2 protein chains.
Amino acid sequence: MALDARAQHLLKQLIEQHIASGVPVGSRQLARDSGLQISAATVRNVLADLEDEGLLMAPHTSAGRVPTRAGYRFFVDSLLQTLPVAPEARRLVLRRIGEHIPDTDEVLHAATEVLSRLTRMAGFVRVPRRATRILRHVDFLALREREVLAIFVTDRGDVENRLIRLEQSLDQSQLAQAANYFNATYGGKPLQEILWQLQRDLQENRDELDRILRNAMELGEEMLDADAERILIEGELQLLDLPDFADNERLRELLQAVRRKRDLVHLLDQSVRGSDVRLFIGEESGYAPLADCSVVAAPYSVDGEVVGVIGVIGPMRMPYHEIIPLVDGTARALGKALSSELPGHP
Amino acid sequence: MALDARAQHLLKQLIEQHIASGVPVGSRQLARDSGLQISAATVRNVLADLEDEGLLMAPHTSAGRVPTRAGYRFFVDSLLQTLPVAPEARRLVLRRIGEHIPDTDEVLHAATEVLSRLTRMAGFVRVPRRATRILRHVDFLALREREVLAIFVTDRGDVENRLIRLEQSLDQSQLAQAANYFNATYGGKPLQEILWQLQRDLQENRDELDRILRNAMELGEEMLDADAERILIEGELQLLDLPDFADNERLRELLQAVRRKRDLVHLLDQSVRGSDVRLFIGEESGYAPLADCSVVAAPYSVDGEVVGVIGVIGPMRMPYHEIIPLVDGTARALGKALSSELPGHP
DNA sequence: GTTAGCACTCACGCGGATCGAGTGCTAAGG
DNA sequence: CCTTAGCACTCGATCCGCGTGAGTGCTAAC
């Protein structure tokens, strides 16, 4: 293929105009506004070539042209000039996030919400994997016969609790002993490491351990095993307003899919590798309900390690030049807000 | 007004047919299907009277008639014959709820979800007020400088945590002492009672209390003060499918309003008084976004005391004869599931 | 390679005709 | 006085045909 400079310029112009207006762009308008001294007929020739390349398509014979998925892809890869984030937007993001430090859940919520509001699209955030967090404190409480409530707290103050069913019953003093042992042994270590160690120890030495010890470890293993795959979604109803989704059906599927969340997880976890903004345009996500959408996702890092992803979901026709830097900036701000080195806390 | 028997019968027939079909009902059809031996012209006379009474309205001159809000109200108050819940539905409700006993949150979730699924409308539940729950256990953890994580557990295993900012900083051993004192003093008492007692004691004796004691009590007060007003909503997107909401705008407002939840709280708390199913038809809710909807809400009781409300939100045109008993039955099942006297646990 | 010209296509909006369901009114009959 | 048949009328829904205009592809000349 190899597009010459003029073709690229026209493609860029066309996509930018389409993003701004939402309607198909025709040759006359393009010839007039492109800045090039060429006629509409010449433009038509070029557009025909671009259509052959699969970068554009015409909804019907006598309409102008709109970008295809491939067209958007080429555009963002080779033609896009991003804009610095508007100062008001930047300030708003920082303020909203800052208000909720240091409550992790609240910060995530605020970041997603502000992103959604500024973009007028659906915002999402992949909640940080707990695996890298440090265990702060554990409690085991006897709830009913053979049911134990396990509560654990990380160094960031995130509290999780799980109900565990036992085969044998334990009284509260036994549980307290187990918790003491557990806190002494594993407090201050990362959850993931604790889980590995538990699994290893239980497998190797099961029979030699005394009862309390074994109880503690079995409880701990059950407690840590499921690292809930959580995603927050915010403002997805804004998609109802977008003209791109004016007609029904597919949007409904999208909303439902987004609500189910489950399938989004693996998509987003792809983005965790690498530290840059990642785009999924249309079918690139490999996920049918998102076929008409683009996903802009940026990983965020806490204390130097990527722990989650934040971004937006919207129509393919979105102002990438604004959205991408905004998502990127929000991810950075979020990472900073969640890191332990807060301004003023050296 | 005082409608004669024939008028009531025709009104009942008309509303039932309209609920079933969704389209305006005309005089001919009604004369044919009503079972009465009267002509369409006679029916027309009666319908005209009912329209004068404000129970019916005609969307336009040459359409049939549809019930007004007042019409539905009269219908459910005086004409409605409810149907026993279908055995499969009953079984499904019991099974879904039963699967998640004894986890309160999961049970609530399951109950709302099954209600939403069976009715194809939005399900909601007003989460039980914690005020009546018994305090089981408290922990205070020093998180950062002057920030304390307070965790408390009720006798049902519900875990709540709050971040508390202090004016002075406390080290972990002081916090542990405070927690010990708190557990010893207030463990086993209802949260509401504890809060009252704390507030009274702090006011009266503030200056005489020793430091640890005062810390414990101040932490406790902060912790219990806000009884979060929580509502779960499930399946609200199903409303998008209903022909009654086919057109746009108002539905969007509804969905957003439902998401905000806040305003729903006071509406639902009205239903807590009394133990019966309560209906809000159209504007009766006094809440603009619900003007086109009906809300069916049934309070549920745990251990003999009403603690919350469960129900559905849907169009005014809903099969009340099925929905009402279903909501009622689900509320009972929910209450039973959350009560401490479980089958087999005397 | 570029451009002007031209025939062609097709979505869209508009007015008019038709259809049919359903009404209100009137007058006759029990 | 209530009921009923008859009838003119209303009005939304549907379809049809037409004109319009934007935009295209092709061809031939520059």
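Naming convention: chains lettered A, B, ... in sequence-line order (proteins, then strands); numbering from 1 in each chain. Computed from a predicted structure; not experimentally measured.
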- Query: Is a side-chain donor or acceptor of A:His9 paired with a backbone partner of A:Ser34 at a separation under 3.5 angstrom?
  - Reply: yes
Could you tell me the separation between the [atom1] atom of [X] and the [atom2] atom of [N], rounded to a whole number of Å?
X: A:Leu50; N: D:dT24; atom1: CG; atom2: C1'; value: 15 Å
X: A:Leu36; N: C:dT2; atom1: CG; atom2: C1'; value: 14 Å
X: A:Leu56; N: D:dT24; atom1: CG; atom2: P; value: 11 Å
X: B:His60; N: C:dG20; atom1: NE2; atom2: C1'; value: 12 Å
X: B:His18; N: C:dG22; atom1: NE2; atom2: P; value: 14 Å
X: A:Asp4; N: C:dG1; atom1: CG; atom2: C1'; value: 12 Å
X: A:Met57; N: D:dT24; atom1: CE; atom2: P; value: 13 Å
X: B:Leu30; N: D:dT4; atom1: CG; atom2: C1'; value: 17 Å

Scoring nucleotides 24-30 of chain C by protein non-hydrogen atoms under 4.0 Å (B base, S sugar-phosphate only, - none) yields B------
#### Entry: OP1 or OP2 of D:dT24 under 4.0 Å from side-chain N/O of A:Ser27
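Checking D:dT24 against A:Ser27, a side-chain N or O does come within under 4.0 Å of OP1 or OP2.
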Check your understanding: Just to confirm, is there a sub-4.0 Å distance from OP1 or OP2 of C:dC10 to any side-chain nitrogen or oxygen of A:Ser62?
Key -> no
So which atom in [X] and which in [Y] form the shortest heavy-atom distance, rounded to 0.1 Å?
X: A:Leu254; Y: A:Phe245; result: CD2-CZ, 4.3 Å
X: B:Thr68; Y: B:Gly54; result: OG1-O, 2.6 Å
X: A:Ala31; Y: A:Ile38; result: CB-O, 3.7 Å

**Request:** Please work out if A:Thr61 contacts a base, only the sugar-phosphate, or nothing of the nucleic acid, heavy-atom cut-off 4.0 Å.
**Result:**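 Here A:Thr61 touches the backbone only, sparing every base.
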Q. If you look at every strand shown and take non-hydrogen atoms under 4.0 Å, does A:Gln29 touch a base, only sugar-phosphate, or nothing?
A.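 Contact class for A:Gln29: none.
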Picking from C:dT2, D:dT4, D:dT24, the nucleotide nearest the side-chain atoms of A:Leu47 would be D:dT24
Among the nucleotides C:dT2, C:dA11, D:dT3, whichever has the atom closest to the side chain of A:Arg6 is C:dT2
Q) Can you tell me if CZ on B:Arg73 sees more than 12 non-hydrogen neighbours from other groups inside 6.0 Å? A) yes
So the salt bridge (Lys or Arg N to Asp or Glu O under 4.0 Å) pairs with at least one residue in residues 27-52 of chain B (sequence neighbours excluded) are B:Glu51-B:Arg65
- Charged N to carboxylate O under 4.0 angstrom, B:Arg259 versus A:Glu236? yes
